[in-house]
J.: 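The following block contains the structure, expressed as structure tokens.
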Number of protein chains: 2
Amino acid sequence: MANPSAECSIQQTLDVIGDRWMLLIIRNLFRGARRFGELEEDLGIAKNLLAARLNKLVGAGIAERVPYQDRPVRHEYLLTQKGRDLSPSLVALMKWGDRWCNEGSAPTVLVHADCGTPLMQVTHCPTCDDSLDPGQIRSRPGPGAQEALR
Amino acid sequence: MANPSAECSIQQTLDVIGDRWMLLIIRNLFRGARRFGELEEDLGIAKNLLAARLNKLVGAGIAERVPYQDRPVRHEYLLTQKGRDLSPSLVALMKWGDRWCNEGSAPTVLVHADCGTPLMQVTHCPTCDDSLDPGQIRSRPGPGAQEALR
DNA sequence: CATAGTCGGTTGCAAAAATAAACTGACTCA
DNA sequence: TGAGTCAGTTTATTTTTGCAACCGACTATG
């Protein structure tokens with residue numbers, strides 16, 4: 001094994017989406033962007049990088065390439081379930097930015113589609129039926145662990 | 001403004017901790033690593049990069065450098081509140097990796113320090129008092145927005 | 001006392017990645 | 001016919017990374 005932390009899911013996640021552009025592209029896909037030019041313009045990313053990243057996203061099964069016209073064939077990019085499942089990560093990163101980069105004033109807020117209420121994200125203990133702060137969280141090796149990770 | 005998404009908290013967050021190493025370093029600080037050599041060995045990161053990243057973390061107020069000996073002065077690195085507040089982001093990324101990179105078998109699980117129960121992370125609507133999935137989440141400009149971000 | 005080892009870096013260099021800009025190919029529209 | 005659009009690809013330049021060697025202050029060993 002290359003390094004002692006390779007078994008960690010955080011590491012594996014970052015191997016896939018942990019570069020400078022991936023999460024921003026995914027964020028824009030969440031916001032409804034679908035086309036190459038749309039992503040390019042909004043993100044200000046170089047075309048070659050965007051092409052490479054989109055290929056990686058499709059290869060990883062996070063987005064899918066769907067044709068939206070022929071002559072010439074043009075595709076749009078849609079998040080798969082795997083991609084949509086990154087929502088909590090983006091929400092968490094956004095919340096952190098709201099609090100620590102914008103003094104609590106959120107440039108964008110996430111709301112419940114049904115009722116419009118701004119949402120909260122919480123770590124929850126099903127046994128105690130309570131929400132926790134970081135000091136109450138411990139990590140320990142799970143069923144897939146090869147070695148103690150503390 | 002350089003690019004249209006600059007106002008977004010996700011962007012600002014990634015500007016600070018969005019490179020290949022930052023979140024891994026922070027993860028190890030969460031796990032109790034404190035010293036330069038400890039981080040270096042566990043992560044397999046080059047010394048110069050680790051030094052640069054730790055300086056950036058300290059500069060950003062995410063970690064603090066605390067002397068643990070004199071002759072010669074040596075420091076250890078501890079997460080600040082700002083750093084500890086990245087916990088939900090790391091949890092969310094870890095959960096995603098558990099599900100999509102390890103077929104649901106978690107190499108590391110997070111448990112409630114008090115009762116040992118594995119934890120859940122949920123997006124919660126305070127009005128409806130219910131947890132939501134991504135399809136029920138919409139983003140809209142908040143109080144700090146300069147422009148419509150959809 | 002000399003020598004080796006540890007710890008936490010810094011420096012220099014080659015390789016890899018990001019960026020910017022020009023170019024391509026298949027089409028549409030005037 | 002000619003310009004424009006869209007989705008890339010290619011090429012050249014700049015920046016970042018990764019690796020290895022070195023450094024300075026000390027400690028431990030013979």
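Small disclaimer: the values here were computed from a predicted structure and weren't measured. Letters A, B, ... are given to chains in the order of the sequence lines, protein chains preceding strands, and every chain is numbered from 1.
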J.: For residues 79-102 of chain A, which residue pairs pass the salt bridge (Lys or Arg N to Asp or Glu O under 4.0 Å) check, not counting sequence neighbours?
T.: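 Pairs touching residues 79-102 of chain A that pass the test: A/D85-B/R99, A/R99-B/D85.
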
J.: I'd like the 5' and 3' limits of the part of DNA chain C contacted by chain B, with heavy-atom contacts below 4.0 Å.
T.: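 Using the under 4.0 Å cut-off, the span is C/dC7 to C/dG12.
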
J.: Using a 4.0 Å cut-off on protein heavy atoms (strictly under), produce a 5'-to-3' string for nucleotides 7-20 of chain D with B for base contact, S for backbone-only sugar-phosphate contact, and - for none.
T.: BBBBB-----SBB-

J.: By salt bridge (Lys or Arg N to Asp or Glu O under 4.0 Å), which residues pair with A/D19, not counting sequence neighbours?
T.: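 Salt bridge (Lys or Arg N to Asp or Glu O under 4.0 Å) list for A/D19, sorted by chain: A/R53.
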
J.: Using the test side-chain hydrogen bond (donor to acceptor under 3.5 Å, both in side chains), find all partners of A/R138 that sit at least two apart in sequence or belong to another chain.
T.: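 If we apply the side-chain hydrogen bond (donor to acceptor under 3.5 Å, both in side chains) test to A/R138, skipping adjacent residues, there are no hits.
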
J.: Taking atom CG of B/N28 and atom OH of B/Y77, what is their separation to the nearest 0.5 Å?
T.: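 Interatomic distance, B/N28 CG to B/Y77 OH, rounded to 0.5 Å: 14.5 Å.
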
J.: Could you tell me which residues satisfy side chain to side chain contact (heavy atoms under 4.5 Å, CB included) with B/Q136, sequence neighbours excluded, listed by chain and number?
T.: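 Result, side chain to side chain contact (heavy atoms under 4.5 Å, CB included) vs B/Q136: A/H112, A/D114, B/L132, B/D133.
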
J.: If the condition is side chain to side chain contact (heavy atoms under 4.5 Å, CB included), which residues does A/T123 pass it with, not counting sequence neighbours?
T.: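 Side chain to side chain contact (heavy atoms under 4.5 Å, CB included) list for A/T123, sorted by chain: A/I137, B/L119, B/Q121.
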
J.: For residues 69-76 of chain B, tabulate all N or O donor-acceptor pairs below 3.5 Å that involve a side-chain atom, not counting sequence neighbours.
T.:
residue : atom : partner : partner atom : Å
B/Q69   : NE2  : B/P72   : O            : 3.1

J.: For DNA chain C, please output the secondary structure as dot-bracket, reading 5' to 3'. Pairs are Watson-Crick or G-U wobble, both atom distances under 3.5 Å; mark crossing pairs with [ ], other-strand partners with |, unpaired with a dot.
T.: ||||||||||||||||||||||||||||||

J.: Residues two or more places apart in sequence or in another chain: which of them pass side-chain hydrogen bond (donor to acceptor under 3.5 Å, both in side chains) with A/N55?
T.: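 Checked A/N55 against side-chain hydrogen bond (donor to acceptor under 3.5 Å, both in side chains); matches are A/R65.
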
J.: Under the rule for side-chain hydrogen bond (donor to acceptor under 3.5 Å, both in side chains), what residues qualify as partners of A/T117, not counting sequence neighbours?
T.: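 Listed in chain order: B/T127.
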
J.: In the hydrophobic clustering (ILVMFWY, side-chain contacts below 4.5 Å, transitive), which residues join B/V66, or is it alone?
T.: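 Grouped by the 4.5 Å side-chain rule, B/L78 form the rest of the cluster around B/V66.
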
